[in-house]
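One is the number of the first residue; the rest follow in order along the sequence. Keep in mind that what you see is a predicted model, and the values were worked out from it rather than measured.
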Amino acid sequence: GCGASCLALPQNIGMKSAEASSKTLVVIGTFTETLHVFSLDGEGTLTPLTTSTDFGTNHEAITLFNAPKETATLVLGNNNGASSSGLSGPEYLSGDAHVRTARLSTTGTLEVVSDVVLSGQGPIHSCVHPSGIVATANYIGGTVDLVGPMESDYVSLPTTDKGIISTEQVKSEPEFGGTMHMVTYDESAGTKSLLFAVNAGNPSTVDVIVPTTGKVVYTVPMPTRARRLTLHPVLPIAYIVYEKEGVVATWTWLSADGWNEDGSPKTTPKEIQKCTAAPDSPSPPEVNIPTNFVLDASGEFGYSTTRTAFVHGSPGPTAKIGVFKVDQVDGTLSLVQWVDTGGWNTRDCVLSPNDHALLTVDVLGHTLTSFVRDPESGKLEKKSVVGATSPTSVAAWMP
């Protein structure tokens with residue numbers, strides 16, 4: 001189904017490298033102008049490699065994937081509606097929103113290749129669809145911008161305005177300053193995958209989008225403010241982070257062939273389970289504001305991160321990571337372990353491409369932390385902590 005204008009990216013985009021290597025490169029975006037590159041060794045130790053100030057500020061929408069010739073492609077949208085403390089809203093808007101692409105070398109150097117000004121405001125999350133289209137979720141604009149597809153070098157973006165399609169603005173009222181919070185796709189569906197955009201406004205929805213046209217073809221209502229959606233790699237299951245309720249919800253979802261031609265689902269997705277993202281379901285819920293949920297490559301274990309504070313000096317417990325075992329029949333979660341991050345706003349996390357370590361960034365702790373993972377039990381052990389001012393996003397690549 002891929003026409004001549006459509007670029008099929010390498011398999012397992014952004015995920016697994018074909019050959020295991022002992023070194024992983026870790027890129028973290030911050031709420032400053034500095035982007036950091038670290039190396040992660042086989043023991044889980046982090047070492048600073050390089051920094052760059054070529055990517056504007058507020059590097060929230062970050063994606064990294066394998067490209068030819070022993071490089072990776074970094075895609076980064078800068079949230080022009082975020083404050084230096086990490087709060088986003090129309091009152092913080094300044095300058096243009098950009099999406100930039102860059103080549104990352106095995107030594108950690110970054111070379112900017114494309115710089116496109118977006119039409120949407122406040123890009124807060126991005127993904128690269130297997131067709132080569134870059135999608136950004138625009139928190140303040142309430143849209144998804146679709147840029148591309150990339151050229152055959154797997155990094156260059158079209159430079160004309162014709163290369164950008166914007167979805168219709170969501171009808172929801174902004175909450176906490178914005179609406180559109182995330183955009184993702186189904187890896188197992190390849191270039192045929194629809195895009196799934198999480199609208200965190202009121203009412204909250206998951207919008208199903210055709211990547212080539214930007215048309216919203218279906219909307220899944222959410223019962224509360226949703227922030228993230230993570231698809232199980234094998235089961236027809238999605239995990240949805242309910243930010244205001246402080247939980248990770250398990251939903252029945254649809255596999256690649258479960259969507260009709262018009263984008264509607266053959267069966268309606270539904271919530272089947274809720275798990276708290278912090279020990280003892282803390283009350284008030286303001287001290288458990290989950291940020292992300294990631295799965296290992298096989299879908300056996302899941303990891304949640306949360307926040308217990310938004311601003312410096314807030315009293316309260318440190319944020320915990322939840323480790324969950326995934327039932328391989330129905331996809332439901334059972335708690336394995338709570339792990340203390342040592343920070344208060346663990347805003348993003350990612351597993352290294354070989355699933356050896358979970359990497360977390362904490363805005364208030366000013367840290368990037370590695371937790372080595374036991375593949376049998378899924379349990380984590382804190383291994384290495386390095387400093388970086390106000391980190392907000394993290395991505396990893398194994399050359």
Side-chain angles (χ1 to χ4, degrees), residues 88-89 124-125 137-140 142-144 167-186 194-209 216-232 235-255 258-260 263-295 302-308 310 322 324 326-327 330-335 347:
S88 292
I124 202 163
H125 190 269
N138 302 315
Y139 187 65
I140 292 156
T143 60
V144 172
T167 61
E168 282 182 42
Q169 187 173 10
V170 295
K171 307 285 193 289
S172 304
E173 290 298 312
E175 271 205 304
F176 302 117
T179 51
M180 202 57 93
H181 218 314
M182 175 195 197
V183 59
T184 188
Y185 63 93
D186 181 355
L194 296 158
L195 288 167
F196 305 106
V198 180
N199 159 26
N202 186 15
S204 182
T205 57
V206 174
D207 294 351
V208 182
I209 299 166
V216 177
V217 287
Y218 191 77
T219 298
V220 183
M222 291 288 111
T224 179
R225 177 182 165 95
R227 177 186 171 95
R228 290 282 182 270
L229 178 147
T230 303
L231 295 171
H232 192 278
L235 301 170
I237 291 290
Y239 301 95
I240 300 176
V241 171
Y242 292 173
E243 193 173 24
K244 276 169 74 174
E245 279 194 23
V247 303
V248 177
T250 306
W251 279 64
T252 60
W253 207 251
L254 297 152
S255 51
W259 301 89
N260 294 313
S264 62
K266 291 177 182 173
T267 54
T268 306
K270 66 176 194 293
E271 178 198 291
I272 55 173
Q273 184 199 27
K274 292 197 287 192
C275 294
T276 180
D280 309 320
S281 303
S283 183
E286 289 83 40
V287 294
N288 170 24
I289 308 153
T291 52
N292 203 1
F293 181 81
V294 296
L295 293 161
Y303 301 86
S304 65
T305 49
T306 192
R307 292 170 285 202
T308 57
F310 277 109
F324 298 90
V326 179
D327 186 291
D330 65 10
T332 53
L333 303 175
S334 54
L335 180 70
R347 196 174 177 91

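Each of Phe293, Phe324, Tyr239 was scored for a side chain to side chain contact (heavy atoms under 4.5 Å, CB included) with Cys275, with one residue passing: Phe324.
Listed by chain and residue number, nothing satisfies the ring-ring contact (aromatic ring centres under 6.0 Å, His included) test with His125 (two or more places apart in sequence, or in another chain). Residues that satisfy the side-chain contact (heavy atoms from CB on, under 4.5 Å) test with Ser264, not counting sequence neighbours, are Tyr218, Asn260, Asp262. For Val247, the side-chain contact (heavy atoms from CB on, under 4.5 Å) criterion is met by Tyr242, Glu245, Lys274, not counting sequence neighbours. Considering only residues two or more places apart in sequence or on other chains, Thr305 meets the side-chain contact (heavy atoms from CB on, under 4.5 Å) condition with Thr291, Asn292, Ile321, Thr346, Cys349, Thr360. Partners of Thr143 by side-chain contact (heavy atoms from CB on, under 4.5 Å), not counting sequence neighbours, listed by chain and number: Asn138, Asp145, Thr167, Gln169.
Annotation for Lys266: atom NZ counts as buried by contact number, over 12 foreign heavy atoms lying within 6.0 Å. Summarising the local packing, CD of Glu168 is surrounded by 12 or fewer heavy atoms from other residues, nucleotides or ligands at distances under 6.0 Å.
Looking at every heavy atom in both residues, Ala200 comes nearest to Ala226 through CB-O, 3.1 Å.
Taking the six-membered ring where the residue is Trp, the centroids of Trp251 and Phe196 are separated by 6.0 Å or more.
Between the side chain of Thr252 and the backbone N or O of Lys270 there is at least one donor-acceptor pair closer than 3.5 Å.
If you check the side chains of Thr179 and Asn199, you find no donor sitting under 3.5 Å from an acceptor.
Note that CG of Asp207 and OG of Ser172 are 7.5 Å apart. Values are rounded to the nearest 0.5 Å.
The list of salt bridge (Lys or Arg N to Asp or Glu O under 4.0 Å) pairs with a residue in residues 174-185, not counting sequence neighbours, reads Glu175-Lys244.
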